[in-house]
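Working notes, structure below.
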4 protein chains.
Amino acid sequence: MNAQVVPGSSSRADAQRDRILCAALKCFIEHGFHAASMASIADTAQMSAGLMYRYFENKNAIVLGIIERQLEEKRTIIRQLHSSNDIAAGLLTTFERWCAADPGVMNPALFLEMSAEATRNPPLAAALRSFDAGMRMELQAWLGRDRELGGMGLAPECAVTRALSLQCFIDGLVLRSVRDPKVDRAQLRAAVHEQIGRLTR
Amino acid sequence: MNAQVVPGSSSRADAQRDRILCAALKCFIEHGFHAASMASIADTAQMSAGLMYRYFENKNAIVLGIIERQLEEKRTIIRQLHSSNDIAAGLLTTFERWCAADPGVMNPALFLEMSAEATRNPPLAAALRSFDAGMRMELQAWLGRDRELGGMGLAPECAVTRALSLQCFIDGLVLRSVRDPKVDRAQLRAAVHEQIGRLTR
Amino acid sequence: MNAQVVPGSSSRADAQRDRILCAALKCFIEHGFHAASMASIADTAQMSAGLMYRYFENKNAIVLGIIERQLEEKRTIIRQLHSSNDIAAGLLTTFERWCAADPGVMNPALFLEMSAEATRNPPLAAALRSFDAGMRMELQAWLGRDRELGGMGLAPECAVTRALSLQCFIDGLVLRSVRDPKVDRAQLRAAVHEQIGRLTR
Amino acid sequence: MNAQVVPGSSSRADAQRDRILCAALKCFIEHGFHAASMASIADTAQMSAGLMYRYFENKNAIVLGIIERQLEEKRTIIRQLHSSNDIAAGLLTTFERWCAADPGVMNPALFLEMSAEATRNPPLAAALRSFDAGMRMELQAWLGRDRELGGMGLAPECAVTRALSLQCFIDGLVLRSVRDPKVDRAQLRAAVHEQIGRLTR
DNA sequence: CATGAATGAGACTTCATTCAT
DNA sequence: CATGAATGAAGTCTCATTCAT
């Protein structure tokens, strides 16, 4: 009766789930989690509303799917920073992509939406918290690792502090990209270099 | 016909508006702008739903009222930082109040809600942008002012950069207070001092 | 407890009732019986909504009061036609006043509103029917009366027919004044003379 | 998102639209445009209120649908008069059907409702005006056409006047059918013949 | 597998009416 | 006598979800 499709069971099903999530991403960005209707998602995904319920139990499941993907995107960004030679440049480029609403990167508006939603959704809050902790650990490890191993060679106690500090700054940048996408680039570059520069010194 | 009560005309009306806004604040924090219903606000304010329309044209007017108040709270916080002798301590205290959801301070969850909402609401976006710009100017002026005049005595070009940098960091802290209210206080203190300390040096 | 004011008991009360009815007339013309709110009537009458309930039991009583007045206006019009030397000219003048929404004459829009309302309000329907019958009797008597007595000197059976015929034509004119207030005046004059002329022949 | 069903796209949808319009017709006749609720229409149409919004954008669209149909009915009546051999008889028969509230003919109560509504609804007023003008043109053409071509053979200037005169009389009859459906038929017949007879002479 | 018609709950809003002041 | 704050019912409309086809 409840013919919920098992994920991974078929590539066809996966493709459908993907179509739905892509459509949902667009709709959620445009209208937010609440204001985006299942009908609008179905329209965007070019399928019937009823069909979506074969692939997702309900609207909330779609929201969770989107959140999962967004976290994955954020994870990618953070990791790219580690392996990048010029962190400041990487951050600035990412900022540009945020401002341009590049669909291939974590969407900062959705990121806010998620953060706001987590306030009233304890499981989501826990997931975000755990994600953040994980990312912070990675940042910290990277900051503390020897330079010849690709790290920043900070003293352990310093790495802890700066990981948190950097995390706050990055989240602040996300917010800024939403709120003031036309922020003066020279000033922004200076601010980023001021924050990041201290790492390389 | 237009039985809208003129604001400020009577203390009774003001008290009612205040009751409604306080109730709305609670409901918006608990459920978000969209999910909070007029009925729930009315319940919380202990009045009939219809009565609220004597004091606010519609739900959106209440939302705007709340946003205005939240911005006022944020303005207060920023200004208190200027006049405080120990900025780091002030920021940490504020962070505590954010985490405790102290009703007398800007609510960080609502702050996110507002930021997210602004994404799809151009006038709101403009208001937030203008508010941000104003606050940044104030920060910048303060950072650049002579120490004997209560400022931080930074060189002008330095003040510009640090105002933006500080603004990002503060917004990041807001986000953190929502997402991880139990963040390790020692580490947080260190991070704040690291950011602020550079100002005083 | 129910301190309903007895009509005629005081000129003060009469003046109030009049203020209310005049305001109601405006509002009903502008918005119709249903869409005109008690609040808008109170505003127009420059009194509080509550006070109106001292003079009228409820909104429906006001509607009835207005209807009564409109019928009185129509009665006046018909009687003026009798005593007029030139009926066609009188009718044309009245038509002009209808089109101009002269507040001193029966309002044709309200007349339609009343007629429509009567469809679902049997007592009102009966009142209108009885009013119509009375007016038709008067028309008929006048048409049949000797010319030296101010009548039209028609044969009795002819007077009956023409009273009804004329009544239909006049109601048609009312409708036209609402629907096409800019109707070609030369054509209208011709049509009226064609209808009325036969009476004087 | 915009799940509005395209009219004419499917017979199923057409049938539904028809069910709704028939139900609305009943409700509007019984309660008027304003007092008839969407719920009552839904009840009458034996469907949920929400479903109606798949077929009509809002209540106003239903009202417009009904008005359109009523105008179509009136157009039919006028045209039948042209082609009828005995216009007076046709008019009397139609009057009977009006009084009997025959659902297959323009409903005179709705006609009044529409006329009243047009007073405050300029687009509707324009539509009615244009409809009236069209019908008057047709009447006029018919009155002026040669008798052997099925017309009344009136002189052009006479046709103009009588078209307007006849239109007023017919509208007066509509009003009478609502207000006094039991009007003495012998008198009415005489009045109609008096009006129409002059045409054939 | 897929559709989209259908439902029903619930959202926002208006307004006639009452009543404490 | 007068006010206008307050209520509660009712109205329009939206939308997540289900289910017959």
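Order of the sequence lines sets the chain letters (A, B, ...), proteins ahead of strands, with each chain counted from 1.
When rounded to the nearest whole Å, the span between CD1 of Ile62(A) and P of dA16(F) equals 10 Å. Separating the CG atom of Asp14(C) from the P atom of dC1(F) is a distance of 12 Å, rounded to the nearest angstrom. Atom OH in Tyr53(D) sits roughly 17 Å away from atom C1' in dA5(E) (whole-Å rounding). Regarding Met52(D), its CE atom lies at a distance of 8 Å from the P atom of dT12(F), rounded to whole Å. Atom-to-atom, NE2 of His31(B) to C1' of dA11(E) comes out at 14 Å; the value is rounded to the nearest Å. For the pair Arg54(B) CZ and dC15(E) C1', the interatomic distance rounds to 12 Å; values are reported in whole Å. Rounded to whole Å, atom P of dC1(E) lies 12 Å from atom CD1 of Ile20(A). When the C1' atom of dA16(F) is taken as reference, atom CZ of Phe33(A) falls 17 Å away, rounded to whole Å.
Gln46(D) comes within contact range of no nucleotide atom at all, as no heavy-atom separation falls under 4.0 Å. Among the protein residues, Ala36(A) comes within range of the sugar-phosphate backbone only, with heavy atoms under 4.0 Å from sugar or phosphate atoms but none that close to a base.
The main-chain N or O of Gln46(A) is never found under 3.5 Å from a side-chain atom of Asp43(A) such that the two would form a donor-acceptor pair. Between the side chain of Thr44(A) and the main chain of Ser40(A), a donor-acceptor pair closer than 3.5 Å is present. Under a 3.5 Å cut-off, the side chain of Arg17(A) and the backbone N or O of Tyr55(A) do form a donor-acceptor pair. The backbone N or O of Ala45(B) lies less than 3.5 Å from no partner atom in the side chain of Lys26(B), so there is not a single donor-acceptor pair.
Remark on DNA chain E: of its neighbouring residues Leu51(D) and Gly50(B), the 5'-side contact belongs to Leu51(D), judged by nearest-heavy-atom nucleotide. Comparing Met47(C) and Asn58(A) by the nucleotide of DNA chain F whose heavy atom lies nearest to each, the residue mapping closer to the 5' end is Met47(C). Where Met38(B) and Ser48(A) each meet DNA chain E at their nearest nucleotide, the meeting point lying more 5' is that of Ser48(A).
A 4.5 Å side-chain heavy-atom check between Val63(D) and Glu117(D) finds every atom pair outside the cut-off.
Ring-plane geometry between Phe28(D) and Phe33(D) is classed as perpendicular, the angle between the planes exceeding 60 degrees on a 0 to 90 degree scale with a lower cut at 30.
Asp18(D) pairs by the side chain to side chain donor-acceptor pair (under 3.5 Å) definition with Arg69(D), not counting sequence neighbours.
Comparing dA16(E), dA11(E), dA5(F) against the side chain of Ser37(C) picks out dA16(E) as the nearest.
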Subject >> For DNA chain E, the dot-bracket pattern of Watson-Crick and G-U pairs whose distances stay under 3.5 Å, | for other-strand partners >> reply: .||||||||||||||||||||
